[in-house]
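For clarity, every value in this text was computed on a predicted model and none was experimentally measured. Chain identifiers are assigned alphabetically (A, B, ...) following the order of the sequence lines, protein sequences preceding nucleic acid strands; residue numbering begins at 1 within each chain. Note: hydrogens, waters and symmetry copies are ignored here, and every other heavy atom, side chains too, is used.
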Amino acid sequence: MTPPGATGSAKNAGTLSPPAALSRLDILKRRTDFLRAARAKRQAMPGFILQARRRGSDEAPPDRIRVGVTCSKKVGNAVARNRAKRRLRELARRVLPQHARPGWDYVLVGRRETTETLVFADLLDDLRAALRHIHGE
RNA sequence: GCGGAUGGCCGGAUGGCCGCGGUCCCGGAUCCUGUCCGGGGUCGAGGAAAGUCCGGACUCCACAAGGCGACGGUGCCGGGUAACGCCCGGCCGGGGCAACCCGAGGGAAAGCGCCACAGAGAACAGUCCACCCCGGAUUUCGGUCCGGGGCCAGGGUGAAACGGUGGGGUAAGAGCCCACCGCGGGACGGGCAACCGGACCGGCGAGGCAAGCCCCACCGGGAGCAAUGCCGAAUAGGAUCCUCGCGCGGUGCGCCGCGGGCCCGCCUUGGGCCAGAGGGUCGGGUUGGCAGCUAGAGGCAGGCGGCAACGCCUGCCCCAGAGGAAUGGUCAUCGCCCGGUCCGCGAGGGCCGGGGCACAGAAUCCGGCUUACAGGCCAUCCGCGCAC
């Protein structure tokens, strides 16, 4: 199940994702979904916090992976928040299709300074590690 | 060349790989003809998008007339504009050698209020020291002390002391008188105006603060795109009709008429709303979707008018429309800055760095103001120095 290129070196990080990867992800848009995820499992990493929750059977199709990103005002002004959210979305797009589980909701929470400044390849590794931790591997 | 003033402009560049939102085209799937999938073309943040401080557009609500009042805002003059508290030109006052900059800049003989500290005295002021006169006492004959009066020139205080300097005058003084300056009024002249100049007159009688109240002139309904409209879905509250019921009056005993309270700033005329119980009918606040949602006081170029702000005309262009919120992620090269180091007398140049590249992200849309901002470019002008 290891996808090609998952060794994740910084040199060819740009060619990791297969096309149309994001088509397997849905975007969380409702406040109640975020609140439910925040009450479930969480894993803090230096550059972000990952929250994850297995959905109930009646909420959404069970084969879908859903993801949301959020940054509070603690992250900084509007420019800093937007940049942090864009990097978190890119992380999700690169990692979740191969490593996440269908039927789950994931929320990535930005952190002050680090979400914007850490090396991107390290963030990719951290997200994969956080997913392993959540799923108890 | 150095220092300064003003106005305007830019605010990283290029290329791989992988993505996102709008729109158009092509192909496919489903076939409830609207969704979904794939491919391609094209467009996709700012000078402040920011603060939300003014002015509008646009929606909905309110709005009958007259009189009286209340509240808020603006405040030299003229022009520009859809409008403004904005902009342009001018005036006055202040600062600067200058270019130029700064100023909420109407009214203080309508009234009220305030003017700390210091000082004798701070608004129809006042006698602390000093000066002068008169009377008395005393005397070492210079004066000293006491009482009464004159007086505001001098000292001293202050941000400010009821004009300044000089002369005459006087017991000493004082615009008391005179000259000049200042001040007030002002025929007349210039200017659309603010305002400027000013013959002549007046000895010169009364300070400042109106970003204290106030007076005067002018302007001003309220709320905001989470406005507002449409569509779809379960529960509590509304609108209308019918019946019954309360009080008073009239009754031909079938019924008929009237009724209280509150609100519209106040008053007059006038208008609106609500009012017990039961039943029937009807439309609607919150969450989701769609619309509003971007062609506009629009941009660019040229011409004409105007000192300018700006206006008019012609031609061309279409220039973000998201909605947990797209406009990017990552890598490389270049550019700029910084630090270290080496070479050179110096201007400068080489190398290294897993150092840095500002302020900041459209949210209905425009016109302004204000605030933030690494670095850089252009034009005009002023002062000083050098050369000719």
Taking atom P in both B:G56 and B:A82, what distance in whole Å separates the two? 14 Å
Of A:Asn77 and A:Gly68, the one whose nearest nucleotide on RNA chain B sits closer to the 5' end is A:Gly68
Tell me the interatomic distance from A:Leu91, atom CG, to B:G328, atom C1', rounded to whole angstroms. 14 Å
When you compare B:A325 with B:G265, how far apart are their C1' atoms, in angstrom units rounded to a whole number? 47 Å
Could you check how far CZ of A:Arg83 sits from P of B:C359, rounded to whole Å? 13 Å
Given atom CG of A:Leu88 and atom P of B:G328, what is their separation to the nearest angstrom? 17 Å
For A:Arg87, which contact category applies under a 4.0 Å heavy-atom criterion: base, sugar-phosphate, or nothing? sugar-phosphate
Just how far, in rounded Å, is C1' of B:A363 from CG of A:Asn82? 12 Å
With respect to the side chain of A:Arg86, which nucleotide from B:A45, B:C18, B:G329 is positioned closest? B:G329
Checking contacts here: which listed nucleotide (B:U330, B:C18, B:G361) is nearest the side-chain heavy atoms of A:Arg93? B:C18
Please give, in whole Å, the distance from B:A363 P to A:Arg81 CZ? 13 Å
How close or far is atom C1' of B:A326 from atom CZ of A:Arg89, stated in whole angstroms? 8 Å
Does B:G111 fall in syn (glycosidic angle within 90° of 0) or anti? anti
Residue mapping more 5' on RNA chain B - nearest nucleotide basis, A:Ala80 or A:Thr70: A:Thr70
Quick one: look up who B:C388 pairs with, Watson-Crick or G-U, both distances under 3.5 Å, and put none if it's unpaired. none
As a test of reading the structure: which of B:C18, B:G354, B:G329 is closest to the side chain of A:Val119, going by heavy atoms? B:G354
Would you call A:Arg86 and A:Glu90 a salt bridge, taking side-chain N to carboxylate O under 4.0 Å as the test? no
Roughly, in whole Å, what's the span from NZ in A:Lys85 to P in B:U327? 11 Å
Check the distance between B:G329's C1' and A:Leu124's CG and give it to me in whole angstrom. 10 Å
